[in-house]
Amino acid sequence: YTEETLYRPNFHFTPKENWMNDPNGMFFLNDTYHLFFQYYPEGNKWGPMHWGHATSKDLITWTENPIALYPDELGYIFSGSAVVDLKNTSGFGDGTTPPIVAIFTHHDPIKERKGLIDFENQSIAYSIDEGKTWIKYANNPVLKNPGIKNFRDPKVVWDEDHQQWVMALAADDRTKFYSSKNLKEWAFISDFGNDIGAHGGVWECPDFFPMQSENSNETKWILLQSLNPGGPNGGSATQYFIGDFDGKTFKLDEDFKKQLDLKKAIWLDHGMDNYASVTWNNANGKNPISIGWMSNWLYAQDVPTETWRSSMTLPRELKLNKTENGFLICSEPVDQLENYYSDKITKEDIEFKEKTVLIDGKTIDLTKSVIDIKLTNLTADAYTFTLSNTIGNNLKFGLDNIEKYLFIDRQSSGLTNFSEAFGKHVTKAPLTKEYQEARIKIILDKTSIELFFNNGQEVLTEIFFPNEPFDKLTIESSRKEAKISTLNANKLNINNN
Ligand code: FRU
């Protein structure tokens, strides 16, 4: 095997070469999804940041384009967002097409080295050719550092109710909100979060947007707020908050607050490899679409690929569900993935005890597949799925219905010793009850598993590096009552990279 055949993902966006981290500036216009990303074109570790660029018609198959933004005398181009300025509020438009305005952090490495504190400032650039070429605004920065060391990652949204642009910005231990009428002048409006949620590290890469509930008529504002470190299973991760926004302050929903008091933090994904998740601007569908960086700052620079380093998660549709405990966000893979389903296997009423083989060898290619399993008659027991190969690597995942958690165990999944922090423990997502029935849907690529539990109520995303591809899926449990009522497996007919 070569690095390409063994590890280059089949359908998760991955740059051809070199280092990538956070997704940035995503927008949708004229049938095209744009994805920008933190990129260092001269090496496979983090370095002076640029914005790389990729486009897709369906969020699944991607084309990498020339670099969009280069560092300049104000600094590196750190994370940020982009908006389609439909009303030309910025005046950057030429009257024919709406300008795209990117809002990003200029990170000045010289000031940083000198030990100054104000080395992160917010700047803008615009494009009048749908994101192909960019012009940096002459009066950058547009939002100056007020004396806060970590002051970055602006995410901007149009607030229709108050006819204003709103920026969420990460500032040390909190989110700061600013408003603007023209994307050039920004006024501080409020702070959120220094006394609530997870604070094991610095807050980074916020996202803030309104969202309509699936099963009530309510609209709520959602704040996604990544932090590093301090994730539920170590390192970097994304938590979220649900509340209301009056044009100035973000106030938590009462039921959500109760959940937070119980759980301390509520996570978008419990796996170790979904960071800096943010949503597309102007995507026009009912629900927001998010994407995250499929790695973790604990080991991202050491993962065993040399040509490129890291991929994005699969894009996901976020859904706001009202449950008996209040609102909750569910994430599901975008529907467009189903257009690539082929070679379907369906099985029903599978009884299992010790080890039961569910998918073997060449029937479904487990390096590009979707497997959707419904379990019934569950009792208090552990249900362990194992992906394995002929040389003894294995990746375990499943439901522990006794201790009440979902898990992924990559301790014996292949290469793990490239980092002290990789594959040293079982990743867990706590559950609040024992389940009689459960649905586990997994999306497999060569080096990743994305596990969606009960329609995305819980999600676990993780990467792994087997020495040979996995080609077998088994299930085991000690109880005989439980069974799989249906199993649907689909090969994905995609070869993206
Ligand atoms: C998050 C982050 C951002 C920053 C960028 C730099 O992963 O640290 O806060 O803008 O990466 O590449």
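Source: prediction; values computed, not measured. Order of appearance sets the numbers: ligands from 1, and atoms from 1 within every ligand.
- Remark: the Glu204 side chain and the Asn150 side chain contain no N/O donor-acceptor pair separated by less than 3.5 Å.
- Separation of atoms CZ (Phe11) and OH (Tyr340) is listed at 11.0 Å; rounding is to 0.5 Å.
- If you number the atoms of ligand 1 from 1 as listed, the ones under 4.0 Å from a heavy atom of Ser79 come out as 5 (C), 10 (O).
- Of all the heavy atoms of Asn21, the ones lying under 4.0 Å from any atom of ligand 1 belong exclusively to the side chain.
- Looking only at protein heavy atoms, the nearest one to atom 8 (O) of ligand 1 is Glu204 OE2, 3.0 Å.
- Per-residue contacts place Arg152 under 4.0 angstrom from the following atoms of ligand 1 (heavy atoms of the residue considered): 3 (C), 4 (C), 9 (O), 10 (O).
- Listed by number with element, the atoms of ligand 1 under 4.0 angstrom from any heavy atom of Tyr275 are 1 (C), 7 (O).
- A donor-acceptor pair shorter than 3.5 Å cannot be found between the side chains of Asp273 and Thr461.
- Each of the following atoms of ligand 1 lies closer than 4.0 Å to a heavy atom of Met49: 12 (O).
- The shortest separation from a heavy atom of Tyr76 to ligand 1 is not under 4.0 Å, leaving the residue out of contact.
- Ion pairing between Asp118 and Lys144 fails under the 4.0 Å rule for side-chain N and carboxylate O.
- Between atom 4 (C) of ligand 1 and the options Asp153, Ile77, Thr105, the minimum heavy-atom separation is to Asp153.
- Between Phe245 and Trp221, the ring center distance clears the sub-6.0 Å criterion.
- Side chains of Asp173 and Asn194: no donor on one and acceptor on the other come within 3.5 Å.
- Looking at Trp293 next to ligand 1, no N or O pair under 3.5 Å apart turns up.
- In terms of protein heavy-atom proximity, atom 1 (C) of ligand 1 is nearest to Asp22 OD2, 3.0 Å.
- Regarding atom 6 (C) of ligand 1, its nearest protein heavy-atom neighbour is Gln38 OE1, 3.2 Å.
- For Asp445 and His12, the side-chain atoms include at least one donor-acceptor pair closer than 3.5 Å.
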Exercise. When you look at Phe208 and Phe250, which way does the ring pair (Phe, Tyr, Trp, His ring centres under 6.0 Å) test go after all the steps?
Worked result: CA-CA 10 Å; Phe208 190 55; Phe250 176 56; 5.4 Å; yes
